[in-house]
Amino acid sequence: MGQGADHLTSNQAQVLDHLRAANAPMTAYQLLGRMQNDRGAVAPPTVYRALKALEEAGLIRRIETLRAWAPVATVRPGVVVICDDCGTVRGVEAPGLLESLHERLVAEGFADARQTIEVHGRCGDCAEDRA
């Protein structure tokens, strides 16, 4: 893995702070807007470099289906569940599912697979609110 949270550049720390403060995943351009509000002119590559470094360090994850990023508590592989109502993102461990998928990919000759499984729906709190 990359660097820990205690060795972040100021740009990386600022991006991570914005992601942790958000109630939902944020796109690079949402982050850019917040950073520009904080300190003026910031170029898009600045945000993308910070996002890449934070992702390599295991501090954030890209939510592929939203083209956005969110902080993570752990980097264990699993399923990413996304509430379409409130935007909450969390990981759910699914070792049997991932092992089965890995075995199928190997059987097909597919190597170095990066597994990202995202499920959209309604979290327990939002489902209760609708009941």
Side-chain angles (χ1 to χ4, degrees):
M1 283 276 158
Q3 58 202 354
D6 54 338
H7 292 95
L8 299 178
T9 67
S10 62
N11 289 333
Q12 293 164 5
Q14 189 176 18
V15 166
L16 186 58
D17 287 345
H18 282 301
L19 286 171
R20 287 179 173 163
N23 292 329
M26 295 181 72
T27 67
Y29 278 91
Q30 288 171 322
L31 288 161
L32 178 65
R34 298 241 176 125
M35 290 177 72
Q36 287 173 338
N37 285 340
D38 290 347
R39 62 179 209 222
V42 176
T46 301
V47 175
Y48 283 108
R49 280 191 298 269
L51 288 167
K52 181 179 179 186
L54 292 168
E55 193 170 10
E56 288 173 355
L59 297 171
I60 65 171
R61 78 167 20 122
R62 179 171 163 81
I63 309 302
E64 300 289 341
T65 55
L66 300 176
R67 295 183 180 161
W69 286 263
V72 293
T74 64
V75 268
R76 291 189 302 267
V79 175
V80 176
V81 294
I82 304 150
C83 179
D84 292 325
D85 287 353
C86 70
T88 300
V89 174
R90 64 184 182 97
V92 174
E93 289 188 46
L97 173 67
L98 295 178
E99 289 169 9
S100 176
L101 178 59
H102 176 74
E103 290 170 6
R104 285 298 312 139
L105 293 173
V106 169
E108 294 292 322
F110 200 77
D112 299 327
R114 180 176 58 107
Q115 300 172 359
T116 302
I117 300 172
E118 298 176 4
V119 177
H120 285 261
R122 196 171 295 117
C123 70
D125 291 339
C126 290
E128 284 180 17
D129 289 346
R130 286 215 173 165

Quiz prompt | Crowding at NE2, His102 (>12 non-hydrogen neighbours, <6.0 Å) | solution = no
Quiz prompt | By side-chain hydrogen bond (donor to acceptor under 3.5 Å, both in side chains) - contacts of Arg104 (at least two apart) | solution = Glu108
Quiz item: Would you say the side-chain atoms of Glu118 pair up with the backbone N or O of Glu64, donor to acceptor, closer than 3.5 Å?
Solution: yes
Quiz item: Under a single-linkage definition using a 4.5 Å side-chain heavy-atom cutoff for Ile, Leu, Val, Met, Phe, Trp and Tyr, are Val72 and Val80 assigned to the same hydrophobic cluster?
Solution: no
Exercise. State, yes or no, whether a side-chain contact exists between His120 and Leu66 at a heavy-atom distance under 4.5 Å.
Key: yes
Quiz prompt | Nearest-0.5 Å distance, CH2 of residue Trp69 to NZ of residue Lys52 | solution = 12.0 Å
Quiz item: Taking all atoms of both residues into account, what is the closest heavy-atom pair of Cys123 and Cys83, and its distance?
Solution: N-SG, 3.3 Å
Quiz item: Yes or no on side chain to side chain contact (heavy atoms under 4.5 Å, CB included) for Leu8 and Leu54, after CA distance, side-chain angles and deciding distance?
Solution: CA-CA 8 Å; Leu8 299 178; Leu54 292 168; 3.8 Å; yes
Practice problem: Determine, using the 4.5 Å side-chain heavy-atom cutoff (strictly less than), whether Val89 and Leu59 are members of one ILVMFWY cluster. | Solution: no
Quiz item: Are the side chains of Arg122 and Asp129 in touch, meaning some heavy atoms are under 4.5 Å apart?
Solution: no
Self-check item: Minimal non-hydrogen separation, Cys86 against Ala24, with atom names
Solution: O-CB, 4.5 Å
Quiz prompt | Path from Val81 to Leu101 over hydrophobic side-chain contacts below 4.5 Å | solution = yes
Quiz item: If you take all heavy atoms of Gln12 and Ala53, which pair is closest and at what distance?
Solution: NE2-CB, 3.2 Å
Self-check item: Ile63-Ile117 co-clustered via ILVMFWY side chain contacts under 4.5 Å
Solution: no
Quiz item: In Å and rounded to the nearest 0.5 Å, what is the OG1 to CZ distance from Thr65 to Arg67?
Solution: 10.0 Å
Self-check item: Value rounded to 0.5 Å, distance of CG in Asp17 from OG in Ser10
Solution: 11.0 Å
Exercise. State plainly whether one hydrophobic cluster holds both Val47 and Tyr29, where clusters connect Ile, Leu, Val, Met, Phe, Trp and Tyr through side-chain heavy atoms under 4.5 angstrom apart.
Key: yes
Exercise. State the CZ-CG distance between Arg61 and Leu19, to the nearest 0.5 angstrom.
Key: 13.0 Å
Quiz item: Does a side-chain heavy-atom distance below 4.5 Å link His18 with Asp38?
Solution: yes
Quiz item: Looking at CG of Asp85 and CG of Asp125, how far apart are the two atoms once the value is rounded to the nearest 0.5 Å?
Solution: 11.0 Å
Quiz item: Between CG of Leu51 and OG1 of Thr27, what distance do you get to the nearest 0.5 Å?
Solution: 9.5 Å
Quiz item: Do you know which two heavy atoms are closest between Val79 and Val119, and how far apart they sit?
Solution: CG1-CG2, 3.5 Å
Quiz item: Is it true that a side-chain atom of Glu55 and a backbone atom of Ile60 form a donor plus acceptor pair closer than 3.5 Å?
Solution: no
